[in-house]
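The structure appears below as C-alpha cells.
In the text below, chain A, chain B and the rest are named by the order of the sequence lines, each starting its count at 1.
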Amino acid sequence: MSALGRAAAGALAARLDLLCAMESPMLERNELMRQRLAKIAATRAAGHIPYPNDFVPTATSADAYAWFAADARRLAPFSPVAEGEDAAADSGALKLPAPWTRMAGRVMAINVKGKVAFLRIQDRCAVDLPACRTRDDDLREAAGLDRRNQDGATFQFFFSRDADPETFDALFKPTEGAAWDGPRLDIGDFIGGQGRFFRTKTGEPSLHLAANHEPALRILTKAVRPLPDKWHGLSDKETRHRQRYVDLIVNDEVREVFRRRAKILQGIRQFLDSRGYVEVETPMMHPILGGAAARPFRTHHNALDMPLYLRIAPELYLKRLVVGGIERVYEINRNFRNEGLSVRHNPEFTMLEFYRAYATYEDLMVEVETLIAELAVAVTGSTSVTWGLNADGTPRVIELNAPFKRVRIRDGLKIWGGLTDAEIADEAALRKKAESLGVHIDDHAPLGKVQVELFEAVAEPHLVQPTFVMEYPAETSPLARRNDLQPDYVDRFELFIGGIEISNAFSELNDPVDQHERFELQLLQKAKGDEETMEMDLDYIRALEYGLPPTAGCGIGVDRLVMLLTDSENIREVILFPHMRPELGQKPDAAVEPGA
RNA sequence: GAGCCGGUAGCUCAGCCGGUAGAGCAGCAGACUUUUAAUCUGUUGGUCGAGGGUUCGAUUCCCUCCCGGCUCACCA
C-alpha cells in the first residue's frame, strides 16, 4: 500500500469508526475489522470499485464435482490443457483437456505456501457438496486410488504465482509501491476466479486459476467482519440464532436442516395438490378471535381506527371457503399466540390446515399418516427416523410407517392412569388423582378438560411412537361435530409423536344452531375468567346457515413436523429467526423515532 | 412467570479461595511452488455482560439489572 493510500485509508476508516460507535454498540469495531475497513478504503482511494458486480460464474461447485466424476481419467492427478490441445503431453505428467471455467463463492480457508495458494470456496451448492465429495471418494476407491476423506462443503481454487504474478502478489504478498494498490484477501471475502479444472497431486479436485484479459482472481465483496474459528465454528446458541446468517455460513448441518424444511413444505404441497386440494391465503389480521383456544397478539389499524388480532388459527375462514364450494382447501401460514416460549413453542409458528368435504376425522387419520410416512421417505429416505435420545442415551427410533396406533382418552386413563370408568366420570376423583401426580388443573376447567389434561399427564410418555388420540369431550372442542352415539364427545383426534402434539383434527360442526350455542358457552367461560376462549363470530354462523357440507378438517404443526424429520429437539433449530429478546443496542423504542 | 447454570480476545475455551488476564484458531510481519485444522519464527489484540457495594486494591466476594441456556408452568 502506498503512503498516500495508507493515509487516506486510515482517515476514512477512522471516520467510519466514529460514526458506527455513535450509532450502536452492535456496530462496534475491533482491530480486525478496522484493518479490513482500511483495505476497502484503500481500494477506493486507488480508484478501484471495492464491490464490483460484473462477474458471471459459469459453474457451481456441484457442477465442478460432477465434471470430475464424469470421466474415469479425471480421478487421478492431472494437469489441465485447453480443449483441442493434445492430451498426451511430452513431459510424462498426465494432461487432460478441461473447459475454461469461471466460479464464484465465499472464501472459507486460505493456505498460502510460498508461491502457490490454496483457497477453499463455498457457494450455493454447499449443502450438496459433502455428497459430491463422498461420491468422488467412492469413484477414486473403485479406481484403486486413496480416498480423500474430505468432509465440508467447499471446493478448492489453486493459484500459482506463475499464472498471474501481479494479482498473486497483490492478494497475498503486497509490497511497497506495488502496481495494484488493492485489498488483500481475507477469509470471508467473496471472490471470482477463472481457469481450468485439474486434480492436485494429492488428488483434490481444483480450479487452476489463470489470467486472460482479466485477472485470475478478483475480490467481489470484501467482508468487514471475520468469520468464526474454522475448526470450532460457531456454537454459542444465542449468536447462532440472532445472527443466523453466520450460522448458515459456518455450520453445514444448519444449512441441511433448512434445505430439508423446504423439501418438507414442497412435499406437503405436492401431496395435497395431487389430491385435489386448493391452496389459499386467508387473513392474518382478524377482527374477531376464533379457531383455537389461545391468547392473542393485538394490533391496531390506524385509518379504520379499529383493533385487530393477529390470527391464532385460520380455521373459520377456511370453513367459509368450503361453504363457498372449495370442497378441498388448505393453507400453510403463520399463526400467532401470545404465550410463553419453550423448546416446542415460538410465538409465531407455521400451521398447515386442510379441509375436505364428504370426509370424517377417521378419513383424515388415513390421510395424515400417509402424508407423514411419505414425507419421511422423501426427506430422510426411510419411515424409520431417530429423534432425540432414550433414557439410556441411545438414539430414540420412531417408526412412521402407517397405520399409526389409535387410542381413546378413556382407555389411556384406564391403562396408564389406573382409573375406573366411574372415576373417569367423576370430576372430584380425577382432580384428586391429578393432585397425587402433581398435575395442576385450572379450577374453572370443566370435567372434559380435566379428563384431557389428566390424560396428557399420564399418557404423554407412552405417546412416543405415532399415536392418534380420540374421543375428546365436547366442551374442549367448540368447533367439532358431536359424536352421533355419544353427544358429550366429539369426532376428533390429536396425533402425538415423540410425546408432542403434531396434529389436531375433527369432523366439523356444521349445525349453525349448535355452533351458536357453543359460542355462547365460550362467552360464559370468558366471563368466568378463562382468557383463551373464542369470541362470537356471527358472520361464521351466517356462513354455516348457507350450508357447510359434511367436512373434516386437520391442522398440522409444521415446525414440529420439521423437528421430527430433522432430529431437532428444539423448535428454534427449525425456525430461521426464532423470537428472542431485543439485543443490547437495538432497543425497540429506538426504531420509533428515526430522527431522534 | 419461577428455579438452576452461564456471559473472559473476532471464534472456541482456560484462569482468578482478591494483587487489573492466558492458549488455540483468526489477524499482522517473515520463510516455504501441490496444501487438506499445512508447517516453522516473531507479534498485535481485552472497558473479564452492565451498574452499584465491600476493600488500600474487584475479572475474582456481595447486591441489583441485562442477555442466553436448561427445567417447570401455559400452550400447538
Side-chain angles (χ1 to χ4, degrees), chain A residues 25 28-36 39 77 79 108-120 133 148-152 154 156-163 168 173-174 184 186-188 198-204 206 208 223-242 246 250 292-295 312-313 335-347 349-353 438-442 453 456 494-496 500-504 531-532 555-561 563 569-572 580-587:
Chain A
E28 252 175 359
R29 304 306 187 203
N30 59 48
E31 188 52 36
L32 272 61
M33 292 171 64
R34 287 197 193 91
Q35 287 166 3
R36 293 184 176 202
K39 291 173 184 178
S79 303
M108 300 306 289
I110 300 174
N111 180 4
V112 182
K113 188 177 170 181
K115 294 187 170 55
V116 296
F118 302 88
L119 311 174
R120 299 223 63 104
R133 298 177 76 169
R148 301 280 319 121
N149 289 319
Q150 295 293 320
D151 53 7
T154 57
Q156 179 165 278
F157 281 6
F158 174 83
F159 193 1
S160 168
R161 185 176 183 278
D162 297 341
F168 188 93
K173 306 278 173 190
R184 294 187 56 184
D186 287 301
I187 291 171
F198 81 116
R199 202 179 275 266
T200 66
K201 71 182 186 189
T202 56
E204 185 71 19
S206 308
H208 199 297
V224 175
R225 290 179 184 267
L227 288 180
D229 185 292
K230 68 179 172 190
W231 187 241
H232 299 98
L234 179 67
S235 59
D236 180 71
K237 284 190 184 180
E238 178 179 356
T239 311
R240 283 189 48 232
H241 293 146
R242 284 195 195 282
V246 182
V250 299
R295 282 148 69 187
I312 55 173
N335 288 350
F336 306 87
R337 298 191 185 174
N338 207 340
E339 286 148 4
L341 287 70
S342 81
V343 292
R344 292 168 192 180
H345 298 87
N346 196 60
F349 62 99
T350 302
M351 179 71 120
L352 159 68
E353 285 201 8
V439 179
H440 297 286
I441 296 176
D442 192 68
E453 296 208 356
E456 287 178 1
E494 286 193 4
L495 172 62
F496 286 81
I500 63 177
E501 186 187 335
I502 296 285
S503 175
N504 176 20
E531 289 185 82
E532 297 178 350
I556 293 179
V558 172
D559 308 289
R560 291 180 172 184
L561 186 59
M563 287 166 68
E569 284 194 278
N570 191 326
I571 199 165
R572 292 184 159 188
M580 299 181 87
R581 282 195 170 82
E583 199 175 350
L584 201 67
Q586 187 77 67
K587 288 192 200 119

Checklist line | Listed nucleotide nearest any side-chain atom of A/T202, set B/U35, B/U34, B/C11 | finding: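 For A/T202, the side-chain atoms sit closest to B/U35.
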Checklist line | All side chain to side chain donor-acceptor pair (under 3.5 Å) counterparts of A/T350, not counting sequence neighbours | finding: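 By the side chain to side chain donor-acceptor pair (under 3.5 Å) rule, A/T350 matches A/R261.
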Note to self: Tell me every residue that passes side chain to side chain donor-acceptor pair (under 3.5 Å) with A/N346, counting only those two or more places apart in sequence or in another chain.
What the structure shows: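 Checked A/N346 against side chain to side chain donor-acceptor pair (under 3.5 Å); zero matches.
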Quick one: list whatever passes ring pair (Phe, Tyr, Trp, His ring centres under 6.0 Å) with [X], sequence neighbours left out.
| X | answer |
| --- | --- |
| A/F349 | none |
| A/F158 | A/F118, A/F198, A/H208 |
| A/F159 | A/F168 |

Item checked: Euclidean distance, atom NZ of residue A/K113 to atom C1' of B/C40 [Å, nearest integer] ->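 The distance from NZ of A/K113 to C1' of B/C40 comes to 12 Å, rounded to the nearest Å.
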Filtered N/O pairs between nucleotides 68-72 of chain B and protein, under 3.5 Å:
residue, atom, partner, partner atom, Å
B/G68, OP1, A/R581, N, 2.9
B/G68, OP2, A/R581, NH1, 3.1
B/G68, O4', A/E238, OE1, 3.2
B/G69, OP1, A/R572, NH1, 2.3
B/G69, OP2, A/R572, NH1, 3.2
B/C70, OP1, A/N570, ND2, 3.0

Next item on the list: Would you mind classifying the nucleic acid contact of A/R295 as base, sugar-phosphate or nothing, using non-hydrogen atoms under 4.0 angstrom?
Entry: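 No contact at all - A/R295 keeps every heavy atom at 4.0 Å or more from the nucleic acid.
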Next item on the list: Just call it for A/G557: base, sugar-phosphate, or nothing, with non-hydrogen atoms closer than 4.0 Å on any strand.
Entry: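 If one applies the 4.0 Å heavy-atom cut-off, A/G557 turns out to touch nothing in the nucleic acid.
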Note to self: Donor-acceptor check, side chain of A/R36 to backbone of A/R225, threshold 3.5 angstrom: yes or no?
What the structure shows: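 Yes: the side chain of A/R36 pairs with the backbone of A/R225.
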All N/O contacts under 3.5 Å from nucleotides 24-27 of chain B to the protein, with atom names and distances to one decimal?
residue, atom, partner, partner atom, Å
B/G24, N2, A/D229, OD2, 2.7
B/C25, O2, A/D229, OD2, 3.1
B/A26, OP1, A/K230, NZ, 3.1
B/G27, O2', A/Q35, OE1, 2.3
B/G27, O2', A/Q35, NE2, 3.4

All salt bridge (charged side-chain N to carboxylate O under 4.0 Å, His left out) counterparts of [X], not counting sequence neighbours:
| X | result |
| --- | --- |
| A/R337 | none |
| A/E501 | none |
| A/R560 | none |
| A/R572 | none |

Notebook entry, point to check: What stem regions, each of at least 3 consecutive Watson-Crick or G-U pairs below 3.5 Å, can be found for RNA chain B?
Noted result: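 Runs of three or more consecutive pairs: B:1-7 with B:66-72, B:10-13 with B:22-25, B:27-31 with B:39-43, B:49-53 with B:61-65.
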